[in-house]
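Structure first, commentary second.
Letters A, B, ... mirror the listed sequences (proteins, then strands); counts begin at 1. Note that the structure is a prediction, hence the values are computed from the model and not measured.
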Amino acid sequence: MKTIFVFSLVFCLLVSQTIAAWTWDTYQGITQWRVDVTEDETGCGADAPTTDSIAVSIQHNLEIADLGNMGHGNSRGAFIGNTLSIPSRTIPDGKGSSKLYAVDLAFTPDCLSFSGKYPWDYEDSEYQCSGSTTLRGKRLDGKDCPGVPQGAKEEELKQKLVDIRAASDNTIKENSYKEILTKDPKNFWANWDMAELKKKQGSYDEYLKYVDMATTNENIDPETRQELKKGAANRLHISDFPTATSSPILRVEMDELNNWNGGFIYNVNVPKEAANKETWKMKIWTVFNRYSQNLLNDAVGLPKE
Amino acid sequence: MLFIVGCSQSPPADTSAPLTSAPPVVAECTTKECFISSANDCKDLTLTLTEAAGVFTYSSKDCVFTKILTSLNADETHEMKALLQGKSLTCKYEKGKFDNRWANSLIFGTEYCEGELKDILSELILFV
């Protein structure tokens, strides 16, 4: 098991490094933003800076990015890493023109926001003044960096779980899981680990609540169940997955599950559910099988607690 | 031949007669209902029944229940037979607290029982 732990740790570290290396200059596609544009024209006679909120799209083509109109017309810039450099340019403005100075827009590593500020000089035949424009953008079309494979996100989460599980204080563990679940209430792993924590604390109602949330996660459940089946087949030395159709004893088990009206399994009061039989069976297995926590950890390469 | 005839003509033992050192009472049952009732009284008995999943041998001795999956249904694969045939589980109980699910169910009620049969059947829930 130490080998699995070390392997998982190294693998997760490698994956997390990969995730940390994700930058906007590697992305092709369109993103949507809400940008607060603050114009400071006090140097041109305005009483105070004004802010408008504008919806803008950015077309990404690796290093090149074309930005929609944020008050000064469309613009093009170049990404290096997560910094978008927009060169100086002069645009028609009223009776004259404005020279917009070069600006570096700093995009945050979580890919959810950016900010930058550039000065400008206005000039027409009769008048000159200077001011500045501040841009603060918030992503509208996602909660993660676009294009990061789902698997990599899951591996990043695994790394977090490794860290949380390494904590010796249960309060720290619980708070860490809650933090994940605040952002992602149906997160399989946080719910799964939280369930195990509650079982150890003897809070069986809460245990079932978190098992419920974990096993009804439609995104991870089918894949995880398939891995669990593979693991079970290996342990039981069976080459083909038996089914209720091919195996009379499984048919009897299936009938028992279907006819069961709920009740206590160990100390957990498990209600009858018929809506989704797959998640229902997964739940029964989770509660009934004393080793389910460790079996699932093995199936997906997570260390045991 | 004389020996055999002589034996066959011996009167049957009187099982109701009191013995100086009393052996445990062995109940006779042919149904699950009878078995459950007797086992609940912690009587020593054994019952073998052919069911949909296969042939099961249920026994009770000293308030310990044992279920053996003696043989599987002929339609099972060779692997499933090798996996399950001869496997057993045992459940300890107090007189009057026999759980009838032990004899009526493959899964339910066996949480606190021990044995390979229980472990394997709980794994197989994944495949149902």
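For B/Glu111 against A/Phe264, the heavy-atom pair with the smallest separation is OE2-O, 3.3 Å. Nearest heavy atom pair, residue A/Trp285 against residue B/Ser122, reads CD1-O, 3.2 Å. The minimum heavy-atom distance linking A/Pro248 with B/Ala52 is given by the pair CB-O, 3.9 Å. Here the shortest heavy-atom pairing between A/His237 and B/Glu79 reads O-OE2, 4.0 Å.
In the displayed structure, A/Lys160 atom NZ is contacted under 6.0 Å by at most 12 heavy atoms of other residues, nucleotides or ligands. For CD of A/Gln32, the number of neighbouring non-hydrogen atoms (other residues, nucleotides, ligands) closer than 6.0 Å is greater than 12. Residue-environment remark: CG (A/Asp169) exceeds the threshold of 12 foreign heavy atoms within 6.0 Å. In B/Glu116, the CD atom is not crowded: 12 or fewer heavy atoms of neighbouring residues, nucleotides or ligands sit closer than 6.0 Å.
In this structure, NE2 in B/His78 is found 13.0 Å from CD1 in A/Ile238, a value given to the nearest 0.5 Å. Note that OG1 of B/Thr110 is 3.0 Å distant from CZ of A/Phe288, once rounded to the nearest 0.5 Å. In this structure, NZ in B/Lys118 is found 8.5 Å from CG in A/Asn289, a value given to the nearest 0.5 Å.
Of the two parts of A/Ser239, the backbone and the side chain both hold a non-hydrogen atom closer than 4.5 Å to a non-hydrogen atom of chain B. Interface remark: B/Leu126 contributes backbone and side-chain atoms alike to the contact with chain A (heavy atom separation under 4.5 Å). The parts of B/Leu121 that come within reach of chain A are both its backbone and its side chain, each placing non-hydrogen atoms under 4.5 angstrom from that chain. Residue B/Thr77: no heavy atom, backbone or side chain, is found under 4.5 Å from chain A.
Counting heavy-atom pairs closer than 4.5 Å to chain B, the top residue among A/Pro242, A/Ser246, A/Ala244 is A/Pro242. Most heavy-atom pairs under 4.5 Å with chain B: of the set A/Ile284, A/Leu257, A/Thr245, A/Thr243, this distinction falls to A/Leu257. The choice from B/Asn73, B/Ile107, B/Asp75 that makes the most heavy-atom pairs within less than 4.5 Å of chain A is B/Ile107.
The aromatic rings of B/Phe108 and A/Trp260 lie parallel to each other, with less than 30° between the two planes, well short of the 60° mark.
Put simply, the side chain of A/Lys281 gets close to the backbone of B/Val128: a donor and an acceptor are under 3.5 Å apart. With hydrogens and angles disregarded, no donor-acceptor distance shorter than 3.5 Å links the side chain of B/Glu76 to the backbone of A/Ser247.
At least one side-chain heavy atom of B/Ile120 sits under 4.5 Å from a side-chain heavy atom of A/Leu236.
Checked against B/Ile125 for a side-chain contact (heavy atoms from CB on, under 4.5 Å), the options A/Glu253, A/Met282, A/Glu256 give a single hit: A/Glu253.
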